[in-house]
Structure formats: C-alpha cells, structure tokens
Amino acid sequence: AGFLLLLLVSNLLLFVLSHYIHNLSSEMFSEFDKRYTHGRGFITRTINSCHTSSLPTPEDKEQAQQINQKDFLSLIVSILRSWNEPLYHLVTEVRGMQEAPEAILSKAVEIEEQTKRLLEGMELIVSQVHPETKENEIYPVWSGLPSLQMADEESRLSAYYNLLHCLRRDSHKIDNYLKLLKCRIIHNNNC
Amino acid sequence: MDLWQLLLTLALAGSSDAFSGSEDSSKEPKFTKCRSPERETFSCHWTDAVHRGSKSLGPIQLFYTRRNIQEWTQEWKECPDYVSAGENSCYFNSSFTSIWIPYCIKLTSNGGTVDEKCFSVDEIVQPDPPIALNWTLLNVSLTGIHADIQVRWEAPPNADIQKGWMVLEYELQYKEVNETQWKMMDPILSTSVPVYSLKVDKEYEVRVRSKQRNSGNYGEFSEVLYVTLPQMNQFTCEEDFYFPWLLIIIFGIFGLTVMLFVFLFSKQQRIKMLILPPVPVPKIKGIDPDLLKEGKLEEVNTILAIHDSYKPEFHSDDSWVEFIELDIDEPDEKNEGSDTDRLLSSDHQKSHSNLGVKDGDSGRTSCYEPDILETDFNANDIHEGASEVAQPQRLKGETDLLCLDQKNQNKSPYHDACPATQQPSVIQAEKNKPQPLPTDGAESTHQAAHIQLSNPSSLANIDFYAQVSDITPAGSVVLSPGQKNKAGMSQCDMHLEMVSLCQENFIMDNAYFCEADAKKCIPVAPHIKVESHIEPSFNQEDIYITTESLTTTAGRPGTTEHIPGSEMPVPDYTSIHLVQSPQGLILNATALPLPDKEFLSSCGYVSTDQLNKIMP
C-alpha cells in the first residue's frame, strides 16, 4: 500500500489527465448533440449498451468502497485499454466525414492521445504494485465500427451518439475511480 | 360602444376560462423534477393532476426500469417509496441508485402512461446548499473607504467529499442590501474566497451555492450572510480636514526664491558679497593672468624660468639626475644588504659603517653621498674625517643631485672642481664588493658623458664622474663623492695639480679603483697615508673604460705610473666585461700591470687579464 501511495503521489498528473479527458468528452458530446441530434429523441435510444458494460465495475459508492485495490486498478486499466480502438476509429471516421466538424475532430484527437498517456501511466503503476497481474488481461472489444459506417444517416447518427455518450460515461467513471483511489490511499479517506 | 367592449371582454374571459378549464381537466401529471442531492439517492416529483369537475383520475403510479448488464429489460418496477420525498414523489434510496446505469421512469394513471423520462443519476445531481457561512476582515484601504473580506463556508454535510465520491464547485454571490442585482464570482473549488473592495459604510448580503463538478446543476443557495463592515471614524475625519501643509510649503519656497532673486540681481554689492562670495581666481606672482588664459605657454615658461623654484624642462631628459637619491635617515635599509652585497653573496657586514647612515637611496641627493660612502670604507675611522669634512661642502646649497647644474658649471673651476669632483669620483663601496651591475657602469658612463657634454667649458680637472658605490634595495644608486671633496674645499686649491692629474686619470684613463684607492688621488696627507695602506689592495689593473675614453685608454697607463705609489692614477671606472654573480664582476682590463694576487680580496672584482692569469 505504501508503494502505491508513492507511485500515486509521484504521478499526480494522472488525476489531472483523467479529469481533462472527461471534460473533453463532455464537451464533445454536448457539441455533437447540439449540432446533430438535439431534440430528436436520441436520448431514449441510449439504451444501447456501451461495450464496457460487461466489466464488473462498481456502480455506486458502496460498491466502490468494497472493491479491493488490485481489482480496482485492473478495472481501470481494462476500461482504458478497451477504448484504444474505438477512439482510433472515431478519429478516422470523423476525419473522413464530409464537412468534418473541426471542434469535434480536434477533441477526439486530443482524447485519443491523452487516453494513451493515461493508460501508460496506469499500466506502469499496476506493473509496479501488482506485478503478478497478467500482462494481457482480457478487455471488452468494441465492435461498433460497422454501425459508424452505415449508410442510413439516422442509424449512423445514433451510433455516433451512443459512442460519444458511452465515452462521456466511461471517462467520468475513470475520473471518479481515480479520485476514490486518491482519497483512499493518499489522504486516507479524508480528502 | 361601451356595450360592445363589455361583450367582447366577457367573451374573452369566458373563452379563457374554457381554455384553462379544458387544460386543467386534461392536465396530466408530469414529472417536474428528479434530483439526487448526494449522488447516492434520488427522488422524482410530479405534478398532481388538477381536476376540474368530478372526473378523477386513478392513482398515479411511477414505474422505473434500469438497464442491467447489456440487457435492456423492459421490466418496470414500481416506485419503492412514495412517501419519503413528500407528496407526488418517489424516493429511491441508495440500494436502488446506480450511478452510471441509465434509468427510465414513467408515470401512469389508470394504466395509461402519462409521462416518461430517461436519465442517469449524474445528470440529476443537485447538491444541498453550503452551510456555516462566515466572514473575516482582511484589510482596509488607506482611505478607509473600502475593505476586503474573506468568506468561508462548509460543504453540505451529505456530500461525501472525504472519500472523493463527490467533487463540488461553488459560486458566491453578493450585493448591497438595497440593491437588486447580485454580483457573481467565478466558480471555485475551495470553501473560502476573498471578496475585495466592499464599501465600509454599506451592508452586504452574501450567498453561496454548490454544484457537482462537470455534471448536474447548481443546488439551492445557502442562507444569506449579512456583512456589516465596521466604521472607522478617524479615517473619515482625516479625509474631511487636513492642515494645508502642502500649500504652505509651496508658498514658502516661492517666497524664498523671490527674495533670493531680488538679492542676486540687486545692485547692493554688500548683500551680494554676503550671499555669493567671490571665488578666488588662479594667480601667480609676476605673471599676467592673461597669459595663462590664452595659453601662451612659452611666455609663461620664460617668465617662470626666472623663478628659482622652476626647473627647466630639459632636465627631465636626464632621469638619472632626479632619481638618484640618497637617504641618510634610513640606516636599516642599507644594513639589510644592498644589491652589491647580494651579488657577492658575502656576509660582509657594514657594521663598521659609522654615522648610522646605511641607506643612501631615498631622500638624499648625490651631494650627500660621502656620508654613505664613508660607511663602506675599509678603514672607516680615517675616512670619516674626510667625509665629514667633505660633507658640509656637499650640503651647501646643492639642489642638483650631481651638483652639476648650470650654476655650478659657471663657477670657478676650482670651486666647481671640488664639488664637481665629488660627484664623479668612483669609490668602491666595499672592499670586497665589486662594482655593481653593468647598468651602473652604464649610468656612470652616461653620467660621464653627460657631464662632459653639459659642461663643455668646465675645466678638464673637473671631476664629472661619480662612482656608484652601492645600490640600495630600493633600487636607487648610491654614488660616492669625488676624490676632490674628500680633501675638502680648502684643500682643493692646494692639491689642484694632483687633482688635475687625478682628474685626467679619471676622465681619460677611466680606471676603476677601490674606494680606498680613490683617495690616493687626493693630495691630502692624512688621506695619502690611508691610501698607502689601501694601495696594496688595489691595483691599476682594474680599469674602467668609458665610451669617451676608449681611444685614450691606451695612452694613459704611463700617466698613471707617474703618480707615486700613494697617488696612483686610479681610473674611476672600469667597464664590466661580464658579471659572474655572485662571485664578482669581470672587468675589462687596460694595458696595466697585472695585479697581485691580493686583488681578489681587495676590490672584489677581477679584470679579464687578472682572471686569465689566475685561471690559465
């Protein structure tokens, strides 16, 4: 536990990164919604699950307090790993759009880059604190690429909406989890 | 007209009633608001249907559903708690609350869905208002009109900040009591913030509200905090009244300036003298200041040349004239060892030196040489007398170091010769001390040349050379007095012939001789005696050759031999062939008889011939 404390303290940038990524995701989603899907009832269609829903992540405060440190770190790493590919395709597809929205594209690019950095930092910590953790843990695979390329505009917009909505949610999860870890380990539950 | 208006109004009223009535009757319950104050529970509220008439709707029910893992089950569940949140509300406690899982709720009445809504809990988070607002005074401005305060508060108690479950940001608003518009500050994450520039005499209201960072909405405002800043009367008093120091100062300065100018430009010389005394201008006696003004330096120079204190410029060419200094008063310096001593690396002490005069470098002119030179004599006692006699002559009004100024030159030969001979006489400083470095020899030659040049009209018997007797540690050259002076002025006349002979020898033969031997040329009986003593230790092989007398060297040995034993024509100078420090100096020899073997110990230097004999 002391070693994790040391690593977290020496990597405070990770907490800043997670907050930054969530901010960008929220903004990106808001801009997309305002421009393409607002008032069209897409929100009801977000019933579509996110590809990371299969992970046994804590869904409330009680569960977050009960999960152990090692599992917590592994979950965070898994979520981050699972977003590598979707972010890559998101950037590619938005870039290829006709009249690509610059604001959304720039944010997508930035999110992809910062998520990679965050993942590297977390993997480093995990390898130091829990070296027994297998290098290639299974993580959820995203298979939404075909839906992003659908010809039907409505379906395509719905796919984008869902992807951005899930991105906002998962970035918020990461940010919250790291905050919980920070308060638990560094401040001893007394932030 | 009035009737139509009345009918129109009634019709409108009726229609409006009808409309509202129809709306009321068909009004359905709707969700008004769903809220989660701490992200652990949430509640939803709806409007109750307003019924007009007898028609009543069935009981309103709320059903919710949430998407489980990767499945969207359309299984609607009924609200777990209709009571806790009040009328027309549904309360979901922590077990029913999931954060990142979306919810859908619907309102039903008589089986029919009246309203539906989907959301995630983060979206409906609205924290409670902050509590425990207070303020403290930071500082008051210098004028006493404005003040800064620090407002502090605490997070709502149900928001779990400690574990990091919630991160709140706050917004503070303030206004004067009688104002209507609130001033807003930027959102902050901390629970205290400074508020600047509040007016001291006004009362303010302050309130704070909180929001979850990055999601949700602002919660309700906290209770209003009333801020009343204490009045500070002394400051206000100072503002109202102040003694006009500034005006007084300004006017005072102005008045003084006026008075000063009146004095300055007035014709009253007396007052002017008091305030502005005249500055003395440079003046030199006998010189018209106009000359100085216009830079006529040549005229000034000629004028100044009349003055005794003024030395002609050309003397500056001869630096040696000025720099040869003798200091009677510093015996210690000389005792420590001159350069010649060091050259010989001998321990020859000057203990025998009397007079207590050891260092002849500083503060003395060459006229004072005999004092120092006496100390170097082998037989000090005898020479002391001579030096003492010679001394007063030297000290007599001789400002020129070598007593070779024009004044001396213009004097009678005898008179000049005597003091003049003092200077160039070469006296060996020590018995065993060789002549100092070639530089001294060069100086001597220079001296000789100079003397000869500067005194073309002087008699040949004037001794223009001065032997360098020693080099003081300070670097000054110690000259010994001429042979003539050893005899004293009174004796010069008597021994003129001898002196002349000696002079010739000195000038022409330029023989180097020991100090003792120098005395041989002085036809003083007691001195001669001494010289005879010293004579054996000195040989004529040591010859100093000046640049002037190179050609005459050969012709002189004979002359020297004419002089009887005690009066050997002793050459004054011997050019130094080479320096073998510290063993001695090898001097060029003229065609003189070879020395005895004693010469080595006598003069401390060796001529080349002598050397050749000694070391074949």
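Only the backbone of A:P58 comes within contact range of chain B, with at least one heavy atom under 4.5 Å from a heavy atom of that chain. Heavy-atom distances place no part of B:V121 under 4.5 Å from chain A, backbone and side chain included. A:H22 touches chain B through its side chain: at least one heavy atom from C-beta onward sits under 4.5 Å away, while N, CA, C and O do not. Only the side chain of A:Q65 comes within contact range of chain B, with at least one heavy atom under 4.5 Å from a heavy atom of that chain.
Side-chain contact between A:E59 and B:T97: absent, with no pair of heavy atoms (C-beta onward) separated by less than 4.5 Å.
Side-chain contact of A:N23 with B:R213: a donor-acceptor pair under 3.5 Å is absent, judged by distance alone. Side-chain contact check for A:H172 and B:D122: at least one donor-acceptor pair (N or O, by modelled atom type) lies under 3.5 Å.
Atom CD of B:E220 sits in a sparse spot, with 12 or fewer heavy atoms from other residues, nucleotides or ligands closer than 6.0 Å. Around CD of A:Q149, the count of heavy atoms belonging to other residues, nucleotides or ligands within 6.0 Å exceeds 12. More than 12 non-hydrogen atoms from other residues, nucleotides or ligands lie less than 6.0 angstrom from CZ of A:F15. With a 6.0 Å radius and a threshold of 12 heavy atoms from other residues, nucleotides or ligands, A:E132 has its CD atom above the threshold. In A:H38, the NE2 atom is not crowded: 12 or fewer heavy atoms of neighbouring residues, nucleotides or ligands sit closer than 6.0 Å. Taking a 6.0 Å sphere around OH of A:Y139, one finds it holds 12 or fewer heavy atoms contributed by other residues, nucleotides or ligands.
When every heavy atom of A:L180 is checked against every heavy atom of B:K163, the shortest pair comes out as CD2-O, 3.2 Å. For the pair A:D60 and B:S94, the tightest heavy-atom approach, listed with the atom from each and the gap, is OD2-O, 4.0 Å.
Distance check: B:S95 OG to A:E62 CD gives 8.5 Å after rounding to the nearest 0.5 Å. A:N176 CG to B:I99 CD1: the interatomic distance, rounded to the nearest 0.5 Å, is 8.0 Å.
Panel note: side chain A:R169, backbone B:W100; a donor-acceptor pair is recorded below 3.5 Å.
Salt bridge present: B:E123 and A:R168 bring a charged side-chain N and a carboxylate O closer than 4.0 Å.
Per-residue counts of heavy-atom pairs under 4.5 Å with chain B were compared for A:K179, A:K182, A:K61; the largest is that of A:K61.
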